[in-house]
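What follows is a set of notes on a single structure, which appears directly below.
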Protein chains: 2
Amino acid sequence: MQAQQILLDSRPEGLPTHDNFKLSSLLLPEVQEGEFLVKNLWMSVDPYMRGRMIDRKSYIAPFSIGEVLEGGAIGEVIESRNSDFPVGVKVTSMLGWRSHYVTDGSDHTKLPETPLSESHFLGVLGMPGMTAWAGLNRIAELKEGETLFVSAASGAVGSVACQLGKLMGAKVIASVGSDEKAVNLKSLGVDAVINYKTAENLSAALKEAAPQGVDVYFENVGGEHLSAALDNMNDHGRIAVCGMISQYNDTAPTPGPSNLAMIIMKKLRMEGFIVFEHWAHYPEFAKAMGQWLATGAVKAEQTIYEGLASAPDAFIGLFEGKNRGKMVVKLT
Amino acid sequence: MQAQQILLDSRPEGLPTHDNFKLSSLLLPEVQEGEFLVKNLWMSVDPYMRGRMIDRKSYIAPFSIGEVLEGGAIGEVIESRNSDFPVGVKVTSMLGWRSHYVTDGSDHTKLPETPLSESHFLGVLGMPGMTAWAGLNRIAELKEGETLFVSAASGAVGSVACQLGKLMGAKVIASVGSDEKAVNLKSLGVDAVINYKTAENLSAALKEAAPQGVDVYFENVGGEHLSAALDNMNDHGRIAVCGMISQYNDTAPTPGPSNLAMIIMKKLRMEGFIVFEHWAHYPEFAKAMGQWLATGAVKAEQTIYEGLASAPDAFIGLFEGKNRGKMVVKLT
């Protein structure tokens, strides 16, 4: 059986291009005893993958040149010699960027029954949704009546963070990169939305949107967004540092904010986190999120690209703001 | 009775100069019922006072032009119509930068009996010592066996942080600005000392001194020091942000470190604090510190300038690294 897969062909410098990716095919081995064959249905593209394209030590090993990329995926078992994973079962894995693969099932989880599209297990019910939940609950400890500022608020993590912020009783201020995204977030109940691309001065715009100050900043962007947040934080504010997407494609070091001393003056806590370290809480999160989705309290947004060959476009699109909600690729 | 006092004559731009200060005299009022007259014996100069010379909103109100400066002081009651503060009692107050004053005793504390010089209540037994203790215990939560990096390690706070770090069972790496200070810190038991003025690359020097990485950074300096610490922090490291003295005299915004994203990759917690918010723990701290001083486990270091007129020099000297341990002015 021939599988299609996408390799890292070269390390990107700056914004990734098609030249960094290569579509290739591979003859899969026969399914042995204890193994099964998976046909991927959906794959995820996420900003953190950009970091794995750099050859450096980090919390997760870098991708190797000439090897197939990895990332979250949802697949279906189509041939099996493993009784735990019979034909027809749907699984999540980290083996995205390929059409099919043979596995012994390690690091695979069976999907629970759900009335939703399975693709949401890559988004609002998966890693990005859990990231928003963990950042607000376990890092920032957002409280009712506080003001929450979320950057990249239309993204997979940000759009969930905004909606959870409202459910937790916070006033929510969001930053996005287009007026269309702003209108959409308003429809999700966000109190005020800043289009950072048209705002003359982000710090002033945030001050106008949150004259009472910001108690929690959910940091996805870095740079000017962090600086604006520091300017507007209240005493004892918390900054949950989830990502700094504005810097992922930098080819030279970008200076940090010049107002970092606000951390002292305002007695702020700024804390970075990686969702995988909070995974023990996934059942608690999934139960709550399942109910919110069922009642419509949280709306699951996604942007879908079609076909494995479109995966590089989908990935590059993350840095161009082309997604609203979770960016996923449907493998057909 | 004529008192001598030092006023803020103009706001400094960059490093303060003598022109920013003015020595003047004042005719004190008669002591009324309930009041007493204090002769100051010692006054404190501290880096945080530089912040109060800027006209801006902060955790403490700015000094006003033409008004007498304020800061920690130790004085003796020399005339009294207040039975709580009889003649001969020694008091701490925030009414430094003056030779004498009349008060009703609000915000005054009587000094406990001590075999040490009273001046140490401005240093190791006072605000700077408590700052080091609170930063390590209540913010960074330093644990036995961890590695602690302290910047401005020869200063009033830093030298105590280094010594407490050793008492808490940590490996302690210090950064100072002269070889003489380095030798002195070594004699206090610090494991490795970096002279940041002669180090070619601070991050590399820190890596050499702490090949096992840094678990806790006690931040007094900002800028390149913070950057070097971020490079060398271990996963789940903590940065207790006490001060950023390298920036206090900046006339233009200084960019922050370009490697702030380490906060995510290493899941760091960076937290600013102001010692006054931890003052409820002062008795706990003072009891422990009193014992450490009595047994010689902590050495109280100070640099003494003589006479009220030398106070501006003492203050300016803080930013030129002229102190070893606590900088105090003896009023004669």
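The sequence lines fix the lettering, A, B, ..., with proteins before strands; numbering per chain opens at 1. Everything quoted here is computed from the prediction, not taken from an experiment.
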Start with the C-alpha distance between A:M233 and A:I239, add both sets of side-chain angles, then the distance that settles side-chain contact (heavy atoms from CB on, under 4.5 Å), and finish with yes or no. CA-CA 9 Å; A:M233 296 299 287; A:I239 302 178; 3.8 Å; yes
Let me know if B:I60 has heavy atoms under 4.5 Å from chain A in its side chain, its backbone, both or neither. neither
Which portion of A:L268 sits near chain B, non-hydrogen atoms under 4.5 angstrom: backbone
B:L148 versus B:F218: any side-chain heavy-atom pair under 4.5 Å? yes
Looking only at B:G51, B:C242, B:G222, most heavy-atom pairs under 4.5 Å shared with chain A are made by B:C242
Quick one: does B:L202's side chain get under 4.5 Å of B:L206's, heavy atoms only? no
Any A:L318 side-chain heavy atom under 4.5 Å of A:M49 side chain: no
Not counting sequence neighbours, which residues clear ring-ring contact (aromatic ring centres under 6.0 Å, His included) with B:F276? List them please. none
Please step through side-chain contact (heavy atoms from CB on, under 4.5 Å) for the pair A:I173 and A:I194, ending with a clear verdict. CA-CA 8 Å; A:I173 318 293; A:I194 298 164; 4.2 Å; yes
For chain A and chain B, give me every donor-acceptor pair shorter than 3.5 Å, distances to one decimal.
{"residue": "A:H236", "atom": "NE2", "partner": "B:E277", "partner atom": "OE1", "Å": "3.0"}
{"residue": "A:H236", "atom": "NE2", "partner": "B:E277", "partner atom": "OE2", "Å": "3.1"}
{"residue": "A:G256", "atom": "N", "partner": "B:G256", "partner atom": "O", "Å": "2.9"}
{"residue": "A:G256", "atom": "N", "partner": "B:P257", "partner atom": "O", "Å": "3.1"}
{"residue": "A:G256", "atom": "O", "partner": "B:G256", "partner atom": "N", "Å": "2.9"}
{"residue": "A:P257", "atom": "O", "partner": "B:G256", "partner atom": "N", "Å": "3.1"}
{"residue": "A:K267", "atom": "NZ", "partner": "B:E277", "partner atom": "OE2", "Å": "3.0"}
{"residue": "A:L268", "atom": "O", "partner": "B:G272", "partner atom": "N", "Å": "2.9"}
{"residue": "A:M270", "atom": "N", "partner": "B:M270", "partner atom": "O", "Å": "2.8"}
{"residue": "A:M270", "atom": "O", "partner": "B:M270", "partner atom": "N", "Å": "2.8"}
{"residue": "A:G272", "atom": "N", "partner": "B:L268", "partner atom": "O", "Å": "2.9"}
{"residue": "A:E277", "atom": "OE1", "partner": "B:H236", "partner atom": "NE2", "Å": "2.9"}
{"residue": "A:E277", "atom": "OE2", "partner": "B:H236", "partner atom": "NE2", "Å": "3.1"}
{"residue": "A:E277", "atom": "OE2", "partner": "B:K267", "partner atom": "NZ", "Å": "3.0"}

Go through it in stages, so that I can follow the logic: the residues are A:V241 and A:M270, the test is side-chain contact (heavy atoms from CB on, under 4.5 Å), and I'd like the CA-CA distance, side-chain angles, deciding distance and then a yes or no. CA-CA 7 Å; A:V241 190; A:M270 185 169 171; 3.7 Å; yes
